[in-house]
J.: 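For reference, the structure I am asking about is given below.
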Number of protein chains: 2
Amino acid sequence: MTDERALRADARRNRARVLEVAAEVFATEGLSVPVHEIARRAGVGTGTVSRHFPTKEDLLIAIMSTRLVKLTAQADELARREDPGTAFFALFVALVRAGAADCGLAELAVADRRLDDIGERAGADLCGRLQELLAAAQKSGDVRADVSYPDIRALMSACMARREDSLEPILAVVTDGLRRGPT
Amino acid sequence: MTDERALRADARRNRARVLEVAAEVFATEGLSVPVHEIARRAGVGTGTVSRHFPTKEDLLIAIMSTRLVKLTAQADELARREDPGTAFFALFVALVRAGAADCGLAELAVADRRLDDIGERAGADLCGRLQELLAAAQKSGDVRADVSYPDIRALMSACMARREDSLEPILAVVTDGLRRGPT
DNA sequence: AAACATACGGGATGGCCGTCCCGTTTGTCG
DNA sequence: CGACAAACGGGACGGCCATCCCGTATGTTT
């Protein structure tokens, strides 16, 4: 699409290596890691990073957007095959697990502004799906009617703050709480 | 205690004004507001701020510690007068309301490291009380046994992320969820 | 009212970081 | 193998911010 042909062999290798290292570093240490540090660990100069990804945001988008697109597809799949309640909770849990396994993703999930803008609206798409599933699950009575989408976002972020191996209790609390009727 | 006698009248006034302005700014815009900006709004120079509070952290401590001490006292009061479940949930809700009304406090609550260090351990004291009440409430069966203190912290932060006038639904979800037995 | 200490303002300093640039190196193609 | 374009590295730059410093102004005391 974007003239991949024009990339020299070493450039292609470096680009891939930067992506790989950045993905791991963002996942384990969060988004505040300096670009300089990513370059160092990838064994390239900062110039190389910023030529491939002019902006730190660009790098982030390159890493996250495919993942977000996959999750969106998963959301659509769920919406088609499952009843509203099952679909909503399945997506909720999938998102939480994704965030719990990746600090960077969890950070994105906290700041709605950024998530919405990531990857040519891939983030916004995903948020939209979650919102739709929430509405459907509330209509069918599977989720209490008085919670709003921002409530869901907040609860999701809270769960993502725990690590992968400690998710079950908090997930149980939240999903049980969401199922109960108001008052 | 700390030689208040030695403070000149204008100094005392400026100090109070800075505290007042900083408290409001932190509450409405969060902790990332530059010290420079607080000085500007207080109508003083940055030097004046940093003489009274050598560090931004010092300023934060001055604002938060009395509040934390009050909340700790409230926790003790609850522990003495109420049964474990009631006491735990009352403290939880009180903390959430405090955070929802104050962005700065909510930010502190997210980063346990900082809260623990605030105000000569005033933060740590409060965290300790919450932990004790949690343990008691779990022992008495009022809170499900499989949640951990970090789970509570995460859920608390999530609730604090909502504003004061939108608290009820998310609080209901979380408190209901916490009451249910495991599976 | 004079003299002294205290406090003031805001510019200077230094650290951190993202981004840009350019002299040098290296892959590529004839 | 030679020449040229493409890519590299890392230093330079600029913005942001907390903290420090010092010449000036102002309360305070006798």
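Atom set for the values below is all heavy atoms of this structure, side chains included, hydrogens, waters and symmetry mates excluded. By convention in this document, chain letters (A, B, ...) are assigned in the order of the sequence lines, proteins followed by strands, and residues within each chain are numbered from 1.
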J.: Which of these nucleotides, C/dA7, D/dA18, C/dG18, is closest to any side-chain atom of B/A11?
T.: C/dA7

J.: Measure CG/A/L7 against P/D/dC8 and give the value in whole Å, please.
T.: 9 Å

J.: Atom CG of A/L31 and atom P of C/dC17: how far apart are they, to the nearest Å?
T.: 14 Å

J.: Among C/dG9, C/dT19, D/dG27, which nucleotide sits nearest the side chain of B/R8?
T.: D/dG27

J.: Taking atom CD of A/E82 as the centre, does the number of heavy atoms from other residues, nucleotides or ligands within less than 6.0 Å exceed 12?
T.: yes

J.: Do the side chain of A/S50 and the base of C/dG18 come within less than 3.5 angstrom through a donor-acceptor pair of N or O atoms?
T.: no

J.: Within the modelled atom types, does a donor on one side and an acceptor on the other bring the side chain of A/T46 and the base of C/dG18 under 3.5 Å apart?
T.: no

J.: What nucleotide, of D/dC8, C/dT28, D/dG27, holds the atom closest to the side chain of B/D10?
T.: D/dG27

J.: Within the side chain of A/D76, is there an N or O that forms a donor-acceptor pair under 3.5 Å with the backbone of A/A73?
T.: no

J.: If I take atom CZ in residue B/R12 and atom P in nucleotide C/dC8, what distance separates them, rounded to the nearest angstrom?
T.: 12 Å

J.: Among the candidates C/dG18, D/dA5, D/dT28, find the nucleotide nearest to the side-chain atoms of A/K56.
T.: C/dG18

J.: Whole angstrom is fine here: how far is it from CZ in A/R13 over to P in D/dG9?
T.: 11 Å

J.: Using heavy-atom distances to pick each residue's nearest nucleotide on DNA chain C, tell me which of A/G47 and A/H36 is more 5'.
T.: A/H36

J.: Report the distance from atom CD1 of B/I38 to atom P of D/dT19, rounded to the nearest whole Å.
T.: 11 Å

J.: Is it the case that one hydrophobic cluster holds both B/V69 and B/L130, taking links as side-chain heavy atoms less than 4.5 Å apart, direct or via other members?
T.: no

J.: In whole Å, I'd like the distance from the CD atom of A/E29 to the P atom of C/dC17.
T.: 12 Å

J.: Starting the side chain at C-beta, find the nucleotide from C/dG18, D/dA18, C/dT28 nearest to B/V35.
T.: D/dA18

J.: Whole angstrom is fine here: how far is it from CG in A/N14 over to P in C/dT26?
T.: 12 Å

J.: Are the side chains of A/L133 and A/F89 in contact, using a 4.5 Å heavy-atom criterion?
T.: no

J.: Nearest 0.5 Å, what's the NE2-CZ distance between B/H36 and B/R41?
T.: 10.5 Å

J.: Taking atom P of C/dG11 as reference, at what distance in whole Å does atom CZ of B/R51 sit?
T.: 16 Å

J.: Taking only side-chain N and O atoms of A/H52, does any of them lie within less than 4.0 angstrom of OP1 or OP2 on D/dC8?
T.: yes

J.: When you check the phosphate oxygens OP1 and OP2 of D/dT19, does a side-chain N or O of B/T55 lie under 4.0 Å from one of them?
T.: yes

